[in-house]
Amino acid sequence: MITTTTRQHQLRQHLPGRSAARSVEHQAALAARLTPRDKWLLALLYEHRVLTSTQIQAAAFPSGRSTRQRLRELYLWRAVSRFQPFRQLGSAPMHYVLGPAGAAVLAAEHGLDVKDLGYRHDRAMAIAHNQRLAHTVGVGDFFTSLIARSRIRSGRAVTAWWSESRCARHFGDLVIPDAYGRWRSAAGELEFFLEYDTGSESLTKLARKLLAYARLADSTGIATPVLFWLPTSRREAGARAALARLHADLERPADVPVATAAANLLTPAAACPSPADEVWHPLGTRPAKPRAPRYELGELTNAWPHLPPPAATDLDEAADGAATAYRLPPPRPTPPKASTRL
C-alpha cells in the first residue's frame, strides 16, 4: 500500500551522491581529480561507445578491486555513466559510456564545445537498448584481450584500434569494417580490418563483403588483410567455404588477404586467452606446420610474404593531430603509464 506521495519537484533533483555535471565548480574540481589514465579512458569511451568493466580492467587496471573503485569514483563525478543489461542466467558486467562531465572534459582538452563532439547523454545511453550492443561489446572484447596480452608479454602491442564509425568516415564509400587495427609482435607489424561475426547474418552475405574490400584495395593500391572472427569452428568451416568460392573469383585475390578464426578455439584455462593465440587459418594457404595448421596473429605476416610492411602512416600523426568539430584524433589503444594514484 502506498502511504506517501513523491512530489514532482523532488524527481528533478540530481541523483544522490552525484555532482552536477557541467557546473564551473564541478569542472574545476575534476581538474584536480582526473589522472591521465582517466582522460585516456574517456577518449576511449567516446571512440568506441561502450566498454564493460571487464574490458576496462583488461586494458588498463591491475585488479578488479582497483577497477571497481576507480570506475565508481568516475561514475559519481559523472565522468562516465553505466548500465547493466539483462541476462537470463547470471548477471552481466557493468557497461560504461561517456558521461556528461567526461564529455565536457574531453571537449575542453581539445579546445571545443561539447556540442562540437556531437555528444548527447541520452544518445550515449541509447546503446543499452541497441540491437548491436552484443556486436559492439564483442569487438571491444577482441581488442581489449589483445591489449591485456600485450601487458603480460613484452614485445607485443596494439598500435591502432579504430572504431566502426571512424572506419566509416575513412572508407565508408566503399566498405565499413567493424574495426581497423594494428598488432606488433616479434614477427613484425600486421595491419588488418576486422569482421566480427555473431552468427546472425547469412554466410553468403558475409562472403560478399570481400567484393567491397577488393574495391577498396583497387582504389587505394594497398592490400590490407581482412580477419574474420567467428563464434564457433562449425560456423568458421561454413564461412571459409563461402569465402573461398568468392575469393577465387576476384580479379586480384592477392590484394585481399583473408584469415579466419573461431572463438571456441581459445583455451579458457590459459593465463590470457586472446586472438593473439594460434587460432588463425589463412584462406588459400597451405599449413606452415603439419601438426599446427593455425597461425598466431603476429605470424600471419609470414602467411602473406608478398605484402610489404605497413607504412608508418599518418596513424601516429592522426593520434596527435588537431581536433575539429565532430572529429577527434583516435585515442591511443593502450593507457599512459600508471601514476601512483588510482
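What you see below is based on every heavy atom in this structure, not just the backbone, and it leaves out hydrogens, waters and symmetry mates. Residue indices begin at 1 and follow the sequence shown.
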Are side-chain heavy atoms of [X] and [Y] found at a separation under 4.5 Å?
X      : Y      : value
Pro282 : Leu300 : yes
Leu246 : Leu211 : yes
Leu42  : Leu74  : no
Leu190 : Arg184 : no
Tyr119 : Pro100 : yes
Trp229 : Leu194 : yes
Pro257 : Leu307 : yes
Leu266 : Ser274 : no

Please check this pair: side chain of [X] against backbone of [Y], looking for a donor-acceptor N/O pair closer than 3.5 Å.
X      : Y      : result
His247 : Leu210 : no
Glu73  : Arg70  : no
Trp162 : Asp178 : no
Thr267 : Ala270 : no
Glu236 : Leu230 : no
Asp197 : Gly199 : yes
Gln69  : Ser66  : no
Ser145 : Asp141 : yes
Trp77  : Leu30  : no
Arg240 : His281 : yes

Salt-bridge criterion met for [X] and [Y] (N-O under 4.0 Å):
X      : Y      : result
Glu47  : Arg169 : no
Glu201 : Arg208 : no
Asp277 : Arg149 : yes
Arg132 : Glu164 : yes

Where is the tightest heavy-atom contact between [X] and [Y], given as atom of each residue plus distance?
X      : Y      : answer
Gln55  : Gly140 : NE2-C, 3.5 Å
Leu44  : Arg332 : CD1-O, 4.1 Å
Gln84  : Pro93  : CG-O, 4.2 Å
Pro275 : Trp280 : O-NE1, 2.7 Å
Val114 : Ala104 : CG2-CA, 3.5 Å
Ile152 : Cys272 : CD1-CB, 3.5 Å

Rounded to the nearest 0.5 Å, what's the gap from [atom1] on [X] to [atom2] on [Y]? Could you check?
X      : Y      : atom1 : atom2 : answer
Leu146 : Trp161 : CG    : CH2   : 9.5 Å
Leu174 : Thr220 : CG    : OG1   : 8.5 Å
His48  : Thr144 : NE2   : OG1   : 10.0 Å
His170 : Arg166 : NE2   : CZ    : 6.0 Å
Leu45  : Leu106 : CG    : CG    : 9.5 Å
Ile222 : Leu216 : CD1   : CG    : 8.0 Å

Can the ring centres of [X] and [Y] be said to be less than 6.0 Å apart?
X      : Y      : value
His135 : Tyr196 : yes
Trp183 : Phe192 : no
Tyr213 : Phe193 : yes

Residue His129 excluded, over 12 heavy atoms near NE2 under 6.0 Å: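 Result for NE2/His129: open.
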In the single-linkage hydrophobic clustering (I, L, V, M, F, W, Y; side-chain heavy atoms under 4.5 Å), do [X] and [Y] co-cluster?
X      : Y      : answer
Val50  : Phe143 : no
Phe228 : Leu250 : yes
Ile127 : Met94  : no
Leu51  : Phe83  : no
Met125 : Leu98  : no

Indicate whether the side chain of [X] and that of [Y] have a donor and an acceptor atom separated by less than 3.5 Å.
X      : Y      : answer
Glu189 : Thr159 : yes
Tyr180 : Glu191 : yes
Asn264 : Thr232 : no
Ser81  : His121 : yes
Ser202 : Thr204 : no
Arg156 : Ser185 : no

Ring-face cation of Arg82 near Tyr75 (centre distance under 6.0 Å, axis angle within 45°):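 Relative to the ring axis of Tyr75, which defines the angle, Arg82 lies inside both limits.
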Charged tip of Arg37 within 45° of Phe61 ring normal and under 6.0 Å: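 Here Arg37 passes the 6.0 Å and 45° test against Phe61.
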Evaluation steps, salt bridge (charged side-chain N to carboxylate O under 4.0 Å, His left out), between Arg33 and Asp38: CA-CA 9 Å; Arg33 292 172 175 171; Asp38 295 333; over 6 Å; no
Side chain to side chain contact (heavy atoms under 4.5 Å, CB included) evaluation trace for Leu206 with Leu203: CA-CA 5 Å; Leu206 186 73; Leu203 294 178; 4.3 Å; yes
Side chain to side chain contact (heavy atoms under 4.5 Å, CB included) between Val80 and Val97, worked out: CA-CA 6 Å; Val80 301; Val97 302; over 6 Å; no
Stepwise side chain to side chain contact (heavy atoms under 4.5 Å, CB included) check, Val256 with Thr224: CA-CA 6 Å; Val256 189; Thr224 304; over 6 Å; no
Verdict with supporting geometry, His110 and Leu328, side chain to side chain contact (heavy atoms under 4.5 Å, CB included): CA-CA 8 Å; His110 292 282; Leu328 294 188; 3.8 Å; yes
